[in-house]
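Below: one structure, written as structure tokens.
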Amino acid sequence: MKLVAIVGSNNQVSYNRLLIEFIAKHYPKFHLEKLEVRELPLFNEDIAGVTPAVVEKWTKKINKSDGIIIACPEYNHSVTAALKNAIEWMSYQVHPLKQKPIMILGASTYPQGSSRAQLHLRQILNSPGVDANVFQGQEFLLGQAKTAFDQSNEISDPKTVSFLDDCLQAFAVFVKKVKRGNKGGKIK
């Protein structure tokens with residue numbers, strides 16, 4: 001299964017990037033390709049008709065993928081401006097997120113993980129023009145991220161790793177059902 005992982009932070013040091021890198025390392029069956037929101041220019045409607053090359057690159061990678069994982073940090077109870085910027089680009093002249101299976105997860109230094117940002121991101125991804133197929137249930141919220149990773153950037157708690165495994169396995173099933181449904185088959 002080929003997945004694209006979007007790191008929703010433009011910080012050099014990001015627990016959400018560490019989370020994506022952990023998934024890529026420990027779940028090689030997903031063939032995960034990481035996209036960084038910091039690659040994208042600031043969205044500007046005034047450049048209508050001109051799609052930046054990096055936006056075209058993202059569009060091709062997303063279109064070729066089976067699904068997307070978005071690592072969503074939380075700032076001021078919402079998604080980062082950089083992540084919202086990425087979604088603006090992916091829903092303006094190009095629409096690669098349309099009906100694409102998407103899993104939201106996130107890491108935060110606070111106990112609640114990125115729960116409020118994830119709720120807000122679900123609303124954004126379900127809005128007209130984006131129309132993503134957002135995976136429901138089994139939300140992965142990594143709280144206390146400063147202590148969740150060890151010195152080797154591994155998630156140190158086995159129960160957390162086990163829950164992440166359950167969430168990713170459920171997402172893999174969801175992706176297969178969506179793919180089958182998009183081909184005209186019945187979802188069981």
Side-chain angles (χ1 to χ4, degrees), residues 1-9 16-37 39-40 51 53-73 79 83-107 113-115 117-142 155 160-188:
M1 180 173 295
K2 184 175 177 154
L3 299 178
V4 166
I6 298 174
V7 177
S9 172
N16 286 280
R17 185 175 298 105
L18 289 179
L19 181 55
I20 291 298
E21 290 168 355
F22 179 87
I23 293 169
K25 180 179 177 182
H26 291 277
Y27 302 91
K29 71 178 183 177
F30 289 130
H31 306 284
L32 201 64
E33 182 168 4
K34 183 172 59 170
L35 296 176
E36 297 275 354
V37 293
E39 297 175 347
L40 296 169
T51 302
V54 67
V55 173
E56 290 179 6
K57 178 184 94 170
W58 273 49
T59 300
K60 288 177 186 174
K61 290 180 184 226
I62 291 170
N63 283 337
K64 290 180 181 178
S65 74
D66 296 310
I68 302 168
I69 295 174
I70 299 177
C72 178
V79 300
L83 179 56
K84 182 68 167 77
N85 182 64
I87 296 168
E88 293 297 334
W89 278 117
M90 297 297 112
S91 63
Y92 179 58
Q93 294 175 326
V94 295
H95 298 274
L97 303 179
K98 185 174 181 151
Q99 291 307 304
K100 187 66 76 169
I102 297 178
M103 178 182 188
I104 302 169
L105 46 75
S114 59
S115 61
Q118 287 191 32
L119 286 172
H120 192 199
L121 183 55
R122 285 179 191 285
Q123 290 177 322
I124 294 166
L125 292 171
N126 286 320
S127 65
V130 182
D131 300 313
N133 199 336
V134 183
F135 176 59
Q136 303 293 325
Q138 292 186 297
E139 297 168 348
F140 187 79
L141 307 159
L142 183 63
I155 297 174
T160 301
V161 174
S162 177
F163 182 64
L164 176 60
D165 184 60
D166 291 346
C167 292
L168 290 169
Q169 296 307 323
F171 180 61
V173 170
F174 175 73
V175 169
K176 289 176 185 173
K177 286 181 179 181
V178 170
K179 194 172 183 179
R180 189 171 55 239
N182 287 345
K183 289 183 179 178
K186 292 184 179 179
I187 297 177
K188 295 181 182 180

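Given the structure is predicted, the values throughout are model-derived calculations rather than measurements.
Rounded to the nearest 0.5 angstrom, Leu18 CG and Ser9 OG are separated by 10.5 Å. To the nearest 0.5 angstrom, Ile62 atom CD1 is 7.5 Å from Ile102 atom CD1. Atom NZ of Lys34 and atom CZ of Arg17 lie 6.0 Å apart (nearest 0.5 Å). Ile69 CD1 to Leu35 CG: the interatomic distance, rounded to the nearest 0.5 Å, is 12.0 Å.
Using a 4.5 Å cut-off on side-chain heavy atoms (C-beta onward), Asn63 and Val94 make no contact. Gln138 has its side chain out of reach of Met103: every pair of non-hydrogen atoms, C-beta onward, lies at least 4.5 Å apart. Put simply, the side chain of Phe135 does not reach to within 4.5 Å of the side chain of Val175, judged on heavy atoms. Counting only heavy atoms from C-beta outward, the side chains of Val54 and Trp89 never approach each other to under 4.5 Å. Using a 4.5 Å heavy-atom cutoff, the side chains of Ile6 and Trp58 are in contact. Between Ile155 and Leu19, the closest side-chain pair of non-hydrogen atoms falls below 4.5 Å. No side-chain heavy atom of Asn85 sits under 4.5 Å from any side-chain heavy atom of Val37. Side-chain contact between Ile23 and Leu105 is present, with at least one heavy-atom pair separated by less than 4.5 Å.
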Test side chain to side chain contact (heavy atoms under 4.5 Å, CB included) on Met90 and Val55 and set out the steps.
CA-CA 7 Å; Met90 297 297 112; Val55 173; 3.7 Å; yes
Side chain to side chain contact (heavy atoms under 4.5 Å, CB included) assessment of Ser65 paired with Lys100
CA-CA 9 Å; Ser65 74; Lys100 187 66 76 169; 3.8 Å; yes
Set out, in order, the CA-CA distance, both residues' side-chain angles and the distance that settles side chain to side chain contact (heavy atoms under 4.5 Å, CB included) for Leu125 and Ile104, then state yes or no.
CA-CA 10 Å; Leu125 292 171; Ile104 302 169; 3.9 Å; yes
Test Thr160 against Phe140 for side chain to side chain contact (heavy atoms under 4.5 Å, CB included), laying out the working first.
CA-CA 9 Å; Thr160 301; Phe140 187 79; 3.8 Å; yes
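If you run side chain to side chain donor-acceptor pair (under 3.5 Å) between Asp66 and each of His31, Lys179, Lys2, only Lys179 comes through.
Residues Ser114 and Ala107 come closest through the heavy atom pair OG-N, 4.2 Å. Looking at every heavy atom in both residues, Leu83 comes nearest to Cys72 through CD2-SG, 4.1 Å. For Val79 against His120, the heavy-atom pair with the smallest separation is N-ND1, 4.1 Å. Closest non-hydrogen pair, Phe30 versus Ala172, comes out as CE2-CB, 3.9 Å. Across Leu32 and Val4, no two heavy atoms sit closer than the pair CD1-C, 4.4 Å. Residue Ala132 comes nearest to Asn126 through the heavy atom pair O-OD1, 3.6 Å, listed as atom of the first residue, atom of the second, then distance.
Checked for salt-bridge contact, Glu33 and Lys64 miss the test: no charged N lies under 4.0 Å from a carboxylate O.
By the salt bridge (Lys or Arg N to Asp or Glu O under 4.0 Å) test, Lys98 is found to be paired with no residue, residues two or more places apart in sequence or in another chain being considered.
With hydrogens and angles disregarded, no donor-acceptor distance shorter than 3.5 Å links the side chain of Lys84 to the backbone of Ile124.
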Between side-chain atoms of residues 162-170 and protein atoms elsewhere (two or more places apart, or another chain), which donor-acceptor pairs fall under 3.5 Å?
from, atom 1, to, atom 2, distance (Å)
Asp165, OD1, Gln169, NE2, 3.4
Gln169, OE1, Lys29, NZ, 2.8

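Applying the salt bridge (charged side-chain N to carboxylate O under 4.0 Å, His left out) rule to pairs touching residues 124-135 yields nothing, sequence neighbours excluded.
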